[in-house]
Amino acid sequence: MLQFTDSLTGEKVEFTPRDPGKASVYWCGPTVYDDPHLGHARSTLAFDVLVRYLRWSGYEVCAVSNITDIDDKIINRAAAEGSSEPEVAGRYEASFIGQMDRLNVAHPDLRPRATEYVDRMVEVISDLVDRGMAYTTASGVYFDVDGLDDYGALVGRSVEDLREGAGARVEVDDDKGDPLDFALWKAAKPGEPTWDSPWGPGRPGWHIECVAMSLHLLGDGFDIHGGGDDLVFPHHENERAEALGCDRAFARHWIHNGMVQVDGEKMSKSLGNFTTLNDLLDTWDPRALRLLVLQTHYRRTMEVGSTTLDQSAAALARLDKFADRMAAADLPETGSDADVVDRFRSAMDEDLGSPQALAVIFDAVRDANRALDAEDDDTAAGLHAAAIELAGVLGLELGAAAAPARDVEDDAAAAEIDDLVDQRLTAKAAKDYGRADRIRDQLTARGIVLEDSARGTSWHRG
RNA sequence: GCACCGGUGCCCGAGUGGCCCAAGGGGACGGCCUGCAAAGCCGUAAAGCCGCGGGUUCAAAUCCCGCCCGGUGCUCCA
């Protein structure tokens with residue numbers, strides 16, 4: 001039985017879905033104003049694994065993740081580059097999806113866009129106004145935090161506490177009755193995209209889109225709402241306030257993933273330790289990043305850097321070699337080793353313990369290799385099947401065939417290298433090892449690594 | 001400043017009262033393989049006590065208090 005930490009209570013809860021056998025999951029997708037970064041990757045991977053695991057566990061899952069395609073930053077970007085908001089949003093939505101595809105992230109069942117939900121947002125806001133939970137000013141419509149008993153419950157702070165912090169740091173907007181109140185609808189400003197509303201032309205505030213979309217697509221009291229830790233406040237707190245302000249049951253459970261650090265520091269553009277995902281995935285196999293993410297528990301802060309990526313790439317290479325070795329061994333067809341599967345399930349059921357789950361897989365790999373060495377093909381087959389199946393549950397496909405295609409080598413250079421490799425083999429056959437080694441050294445100096453095997457010699461760039 | 005989260009071997013990182021004299025991965029070392037290597041497989045060592053100082057307990061990496069360090073949040077960043 002799956003248990004996970006519900007960030008609303010901070011306690012582990014047993015997952016008991018609203019509808020038996022079904023799981024409804026919503027997590028916050030990106031605001032598409034720039035290329036995705038490591039943080040997006042980690043968060044998306046975390047929920048990808050959650051969804052995959054729920055499915056594998058037998059749940060019928062409906063997974064929803066949004067695209068926020070209207071927002072201050074998108075407007076600013078469009079203005080800065082002299083293009084339009086839809087153009088900016090479209091470009092970075094495509095960028096996001098493209099990078100997530102490289103990471104083998106399963107597409108959510110539904111991927112709603114904020115701009116497609118403005119009417120429904122207006123409905124939610126109207127409801128809040130009718131119920132006296134929100135008020136109108138010249139600059140827009142604001143949510144009245146005092147109307148809700150447990151505002152601050154998600155972030156674990158009292159209204160007074162939050163107000164103190166807000167008063168200390170935030171410019172209080174004259175229009176707002178309380179510094180904690182937040183905009184549901186922003187009145188139109190020159191040059192900004194606008195939609196019609198009962199309060200005049202304008203655009204939706206933040207937070208509101210996720211409420212409109214999640215409740216519409218998954219229904220009241222859906223199971224799990226997730227996102228990065230940094231969204232807990234104010235984003236998720238405010239979403240919750242909006243839904244509860246309408247007297248509607250919101251997410252039954254909340255799951256938040258930890259942040260990413262680079263070299264022990266906050267990852268940010270200004271620190272210059274920031275690699276775009278795109279560049280990173282050009283340099284490392286996307287599966288190495290997934291493996292790295294899985295090796296850290298999802299709630300913890302994790303370290304990403306060239307060192308840790310290299311380490312994961314090495315581990316991945318071992319898994320690929322394992323898969324290839326077993327595939328070549330012509331093992332009997334068999335199901336996954338039941339004990340390994342059980343241990344994997346125990347690990348994942350315990351707050352999605354992917355690090356331990358991975359340990360189970362690595363143990364199976366070692367044991368399968370040992371079994372194959374001992375010519376115990378039946379044992380090897382069951383362990384191999386389990387390792388492949390369970391890695392798949394985590395979104396990892398193994399084997400050289402699963403690795404991304406390398407850049408096509410320059411034909412002339414490749415032909416020359418092939419020729420040298422042949423010459424070396426000839427020398428070896430003649431037991432002229434001095435010459436064979438000189439050729440190998442020459443190739444090594446060019447960054448070419450040779451691998452001899454019973455089937456001949458292959459080479460790759462080191 | 002306030003709040004929350006974290007500090008575990010050379011590195012990444014599990015573990016949150018006894019099953020821990022602490023998983024797994026990387027690296028190191030040794031063996032097998034090889035003409036020798038590389039790759040691969042197997043194995044071994046490595047934390048003198050899990051940031052520092054107190055305390056609770058029969059028992060703590062795990063709970064409490066203080067301190068140091070890192071991160072996140074405090075109006076729009078996953």
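Residue numbers begin at 1 in each chain, while the letters A, B, ... track the order of the sequences.
- Between A/H236 and A/H256, the two ring planes are tilted [angle within 30° to 60°].
- A distance cut-off of 5.5 Å between ring centres, combined with a plane angle under 30°, places A/Y433 in a stacking arrangement with the base of B/G35.
- Nucleic acid contact class of A/R325 (heavy atoms, under 4.0 Å, all strands): sugar-phosphate only.
- A/K186 comes within 4.0 angstrom of a nucleotide base, judged by non-hydrogen atoms across all strands.
- In this structure, A/D452 reaches the bases: a heavy-atom distance under 4.0 Å links it to at least one base atom across the strands shown.
- Rounded to whole angstrom, the span from the CZ atom of A/F4 across to the P atom of B/U16 amounts to 18 Å.
- With no hydrogens or angles considered, a side-chain donor-acceptor pair links A/E389 and A/S336 at under 3.5 Å.
- Base pairing annotation: B/U44 forms a Watson-Crick or G-U wobble pair with B/A28, both donor-acceptor distances under 3.5 Å.
- Contact annotation for A/G156: no contact, since no heavy-atom pair falls under 4.0 Å across all strands.
- Within 4.0 Å of A/K431, counting heavy atoms only, lies no atom of the nucleic acid at all.
- For the P atoms, the distance from B/C50 to B/C19 is 15 Å, rounded to whole Å.
- Distance check on atom P: B/G25 versus B/C67 gives 40 Å, rounded to whole Å.
- In terms of modelled atom types and a separation under 3.5 Å, the side chain of A/D337 and the main chain of A/V340 share a donor-acceptor contact.
- Taking side-chain N and O atoms only, A/N257 has no distance below 4.0 Å to OP1 or OP2 of B/A78.
- A/D437 has its CG atom 11 Å from the P atom of B/C36, to the nearest Å.
- In terms of phosphate contacts, A/R318 brings a side-chain nitrogen or oxygen within less than 4.0 Å of OP1 or OP2 of B/G26.
- For the 3.5 Å distance criterion, the side chains of A/R287 and A/N104 fail to qualify, holding no donor opposite an acceptor.
- Remark: A/R366 is not in phosphate contact with B/G25, judged by side-chain N or O atoms under 4.0 Å from OP1 or OP2.
- B/C74 and B/G1 make up a base pair, with Watson-Crick or G-U wobble contacts both under 3.5 Å.
- In this structure, A/T308 and A/G205 both approach RNA chain B, and ranking their closest nucleotides by distance from the 5' end singles out A/T308.
- Using N1 to N3 plus N6-O4 or O6-N4 for Watson-Crick, or N1-O2 and O6-N3 for G-U wobble, each under 3.5 Å, B/A14 pairs with nothing.
- Under the Watson-Crick and G-U wobble criteria, each requiring two contacts below 3.5 Å, nucleotide B/U57 is left unpaired.
- If you take CD of A/E242 and P of B/C76, they are 16 Å apart, rounded to a whole angstrom.
- Each of A/L292 and A/D367 has a nearest nucleotide on RNA chain B; the 5'-most of these lies closest to A/L292.
- Nucleotide B/U34 forms a pair with no other nucleotide shown, judged by Watson-Crick or G-U wobble geometry with both contacts under 3.5 Å.
- Annotation: A/F250 is in aromatic contact with A/F222 [ring centroid separation under 6.0 Å].
- In this structure, A/N369 reaches the sugar-phosphate backbone alone: every heavy-atom distance under 4.0 Å involves primed, P, OP1 or OP2 atoms, never a base.
- Contacts of A/D373 with the nucleic acid, taken as non-hydrogen atoms under 4.0 Å apart, involve only primed sugar atoms and P, OP1 or OP2.
- Distance noted for atom C1' between B/C63 and B/A23: 23 Å (whole Å).
- Taking the side chain of A/P355 as heavy atoms from C-beta on, and the options B/A78, B/A23, B/G25, the nearest nucleotide is B/A23.
- Classification of the A/H253-A/F4 ring pair by plane angle, with boundaries at 30° and 60°, yields perpendicular.
- Here B/C12 presents its P atom at 13 Å from CZ of A/R300, a figure rounded to the nearest Å.
- Contact check, A/Q356 against B/G15: a side-chain N or O comes under 4.0 Å of OP1 or OP2.
- When the side-chain nitrogen and oxygen atoms of A/R299 are compared with OP1 and OP2 of B/G6, none of them lie within a distance under 4.0 Å.
- B/C50 is unpaired under the Watson-Crick or G-U wobble criterion, no partner having all donor-acceptor distances under 3.5 Å.
- Comparing B/G9 with B/G53, their P atoms sit 15 Å apart, to the nearest whole Å.
- Among the protein residues, A/F362 comes within range of the sugar-phosphate backbone only, with heavy atoms under 4.0 Å from sugar or phosphate atoms but none that close to a base.
- In this structure, A/W185 and A/W199 have tilted ring planes: the angle between them lies in the 30° to 60° band.
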